[in-house]
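Below: one structure, written as structure tokens.
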Amino acid sequence: MTPSPYDLLIVGGGINGCAIAREASLLGLSVLLVERDDLAAHTSSASTKLIHGGLRYLEYYEFKLVAEALRERERLVKAAPHIIHPMRFVLPQTNAVRPWWMVRLGLYLYDFLGGKMTLARSRGLRKTDTAYLAPLKGAATGFVYSDAFVDDARLTVLNAIDAAANGADVRVGTAVESARREYGLWQAALSDGSTVSARAMVNAAGPWVHQMLGKLGVNAASGVRLVKGSHIVVPKLFEGTHSYILQQPDRRIVFAIPYQGEFTEIGTTDIPVDAPEDAKIDDAEIAYLCDAVNLHFSKQITPADVTSTWSGVRPLYDDGASEAKAVTRDYVLELDTNGPPLLSIFGGKITTARHLAEEAMEKLAMPMGFTAHPVSRARVFPGGAIADFDTFLASVRATWPFLGDARAERMAHAYGAMLAELLADVTSADELGPDLGGGLTEVEARWLHDREWARTPDDVLKRRSKLGLHLSDAAQARFAEHWDRLFSAAVQQGAL
């Protein structure tokens with residue numbers, strides 16, 4: 001018996017693909033999402049990890065994008081308080097390349113475009129802001145404003161979890177080998193040996209969007225600029241939960257952000273590249289980011305202080321800008337209706353992915369014959385049904401005291417209200433199973449494998465938990481041995 005066609009085949013398990021899968025499944029469409037590697041394996045786990053309007057985009061007159069992103073920031077902070085939290089940013093004017101009045105005007109505009117918002121508005125730095133001023137060189141001048149921090153890989157996974165809960169079929173480690181339009185449907189051969197059909201296809205392949213178009217034999221009017229953004233991680237440079245946005249002599253900005261308790265994340269660069277596979281930091285980028293810190297902070301760093309790095313290639317819509325830093329961060333959705341619809345995604349960013357998904361459904365509604373309407377604007381993400389995170393954390397520690405304070409906080413952030421399901425049958429430390437490394441036990445590993453599509457140690461240590469930052473090479477190797485032992489039977493049976 002021939003299986004029924006899916007309504008939508010989505011290629012790409014980054015933030016855009018997973019957000020579209022969520023939106024489509026909530027509208028009642030049958031969805032298959034395929035990702036050749038892991039969810040958020042590439043660009044979507046290599047961001048600066050901010051939910052923000054993009055203050056610097058005002059310099060390029062991207063007012064519509066900034067306003068949209070600020071509205072989304074407000075929604076996302078409420079929808080996922082376990083993985084997204086407001087953050088204050090200090091913008092020093094020492095060594096600034098923009099005059100004081102220009103920055104002040106930009107921040108007023110930033111607040112205005114944000115409309116009614118719960119995050120604190122901008123203000124000037126005060127001499128009483130000792131925690132903000134202490135790490136900095138130079139005079140006490142500058143500004144403070146708000147944006148938010150996000151665990152980018154987990155936000156991508158939460159989109160997929162919500163999509164699956166509403167009927168979507170999510171397959172990792174599965175690529176589209178070929179696809180053609182035939183008998184009014186897309187017929188696609190997948191790398192797992194199966195052949196599927198769909199009424200429409202979404203090309204959300206990120207930096208590989210044009211390669212996928214080539215595989216499909218479709219030409220696109222839109223172009224893509226591949227721009228590498230790299231980050232370094234160093235032992236923490238300052239105390240506190242605030243961050244810094246540092247103006248550079250080349251008019252770029254670099255963020256310094258508290259990361260995983262023990263570290264400071266510093267980034268990003270903007271380097272044009274030729275291929276998605278060029279997502280590797282180079283020595284010049286490391287030196288540039290170290291210099292950015294040293295220009296503003298009393299505590300100096302060198303490349304020897306770097307404990308880890310990440311790089312991602314952003315598939316920016318090619319608007320013809322001469323410099324990578326000036327290329328628009330807005331997105332373009334290109335619809336090809338020369339047969340069954342094909343929607344290709346050019347550009348986009350973590351903050352605007354939900355809105356992009358809403359627009360994608362509007363684009364597909366007419367050719368596919370369904371009614372699109374907003375379904376996720378006020379919807380919380382899995383685990384996000386939390387009124388106040390601090391209160392929730394206190395209840396987690398009281399309910400499962402055997403977790404210990406550090407592990408309780410990590411798991412409360414990672415899973416939010418889903419923690420009750422993850423630990424439903426656990427009443428003691430022994431029932432968590434053995435510690436596989438960094439406090440991640442067998443019970444949690446099985447959840448990550450069974451419920452979050454984790455298939456390799458890197459899926460867990462680099463993306464879903466970030467515990468790899470805290471583990472030695474030897475400890476990571478031991479974790480890999482435990483993981484392989486736990487799930488080798490499933491591998492042998494072809495379940496993975």
*Heavy-atom pair with the smallest gap, counting every atom of Ile271 and Glu285*: CG1-OE2, 3.5 Å
*Are a donor atom and an acceptor atom from the side chains of Thr48 and His231 found within less than 3.5 Å of each other?*
yes
*Is the charged tip of Arg22 near the ring of Phe381: under 6.0 Å from the six-membered ring centre and within 45° of its axis?*
yes
*Salt-bridge criterion met for Arg171 and Asp169 (N-O under 4.0 Å)*: yes
*Is the closest side-chain donor-acceptor distance between Ser30 and Arg199 under 3.5 Å?*
no
*Is Asp147 salt-bridged to Arg73, going by a charged N under 4.0 Å from an acidic O?*
yes
*Specify whether Tyr317 and Phe346 have parallel, tilted or perpendicular ring planes, treating 30° as the upper limit for parallel and 60° as the lower limit for perpendicular.*
perpendicular
*Are Glu265 and Gln260 linked by a side-chain donor-acceptor pair shorter than 3.5 Å?*
no
*asked:* Parallel, tilted or perpendicular, judged at 30° and 60°: which one describes the rings of Trp100 and Phe143?
replied: tilted
*Any side-chain donor paired with an acceptor under 3.5 Å for Glu35 and Thr174?*
no
*asked:* Quick check: do Val103 and Leu91 have side-chain heavy atoms less than 4.5 Å from each other?
replied: yes
*Would you find more than 12 non-hydrogen atoms of other residues, nucleotides or ligands less than 6.0 Å from Met366 atom CE?*
no
*Parallel, tilted or perpendicular: which fits the ring planes of Tyr331 and His355, with parallel below 30° and perpendicular above 60°?*
tilted
*Would you mind checking if Asp270 and Arg314 are paired as a salt bridge, meaning a charged N to carboxylate O distance below 4.0 Å?*
yes
*asked:* Salt bridge or not between Lys363 and Glu334? Use side-chain N to carboxylate O under 4.0 Å.
replied: no
_Salt-bridge criterion met for Lys228 and Asp278 (N-O under 4.0 Å)_ = no
*When you check the gap from the basic side-chain N to the acidic O, do Arg98 and Glu59 get nearer than 4.0 Å?*
yes
*asked:* So for atom CZ, which belongs to Phe63, do other residues, nucleotides or ligands contribute more than 12 heavy atoms lying within a distance under 6.0 Å?
replied: yes
*Side chains of Asp111 and Ser122: do they bring a donor and an acceptor to under 3.5 Å?*
yes
*Report the relative orientation of the aromatic rings in Phe255 and Phe89; use parallel for angles under 30°, tilted for 30 to 60°, perpendicular for over 60°.*
perpendicular
*Does a side-chain N-to-carboxylate-O contact under 4.0 Å join Asp37 and Arg455?*
no
*Indicate whether any N or O donor in one side chain lies under 3.5 Å from an N or O acceptor in the other, for Glu421 and Tyr415.*
no
*Pairing of Lys349 and Glu68 as salt bridge, 4.0 angstrom limit*: no
*Please examine the side chains of Leu158 and Met418, heavy atoms only from C-beta on, and report whether any two atoms are closer than 4.5 Å.*
yes
*asked:* So which atom in Val202 and which in Leu8 form the shortest heavy-atom distance, rounded to 0.1 Å?
replied: CG2-CD1, 3.9 Å
*Mind checking whether Phe392 and Phe389 have parallel, tilted or perpendicular rings, split at 30° and 60°?*
tilted
*Is a side-chain donor-acceptor pair under 3.5 Å present for Tyr244 with His242?*
yes
*So, does Ser45 use its side chain to make a donor-acceptor pair with the main chain of His42 at under 3.5 Å?*
yes
*Over all heavy atoms of both residues, which pair between Ala160 and Val170 is shortest? Give the atoms and the distance, please.*
O-CG2, 4.3 Å
*So does Asp38 pair up with Lys462, basic N to acidic O under 4.0 Å?*
no
*Without hydrogens or angle criteria, can the side chains of Trp208 and Glu277 be said to hold a donor-acceptor pair below 3.5 Å?*
yes
*Return yes when atom CG of Asp388 has more than 12 non-hydrogen atoms of other residues, nucleotides or ligands closer than 6.0 Å, and no otherwise.*
yes
*Hey, could you give me each pair passing side-chain hydrogen bond (donor to acceptor under 3.5 Å, both in side chains) that has a residue in residues 80-92? Not counting sequence neighbours.*
Arg88-Ser146
*So is Arg121 actually on top of Tyr108's ring, under 6.0 Å and inside 45° of the axis?*
no
_Short side-chain donor-acceptor distance under 3.5 Å, Thr156 and Asn159_ = no
_Using the rule given for side chain to side chain contact (heavy atoms under 4.5 Å, CB included), can you reason through Cys290 versus Ile232, listing the C-alpha separation, both sets of side-chain angles and the distance that settles it, and then say yes or no?_
CA-CA 9 Å; Cys290 288; Ile232 62 174; 4.1 Å; yes
*Would you call the rings of Trp310 and Tyr259 parallel, tilted or perpendicular if under 30° counts as parallel and over 60° as perpendicular?*
tilted
*Side chains of Thr352 and Glu72: do they bring a donor and an acceptor to under 3.5 Å?*
no
*Does a side chain donor of either Asp250 or Tyr288 reach within less than 3.5 Å of an acceptor in the other side chain?*
yes
_Within-4.5 Å side-chain heavy-atom neighbours: Val234 and Thr307_ = no
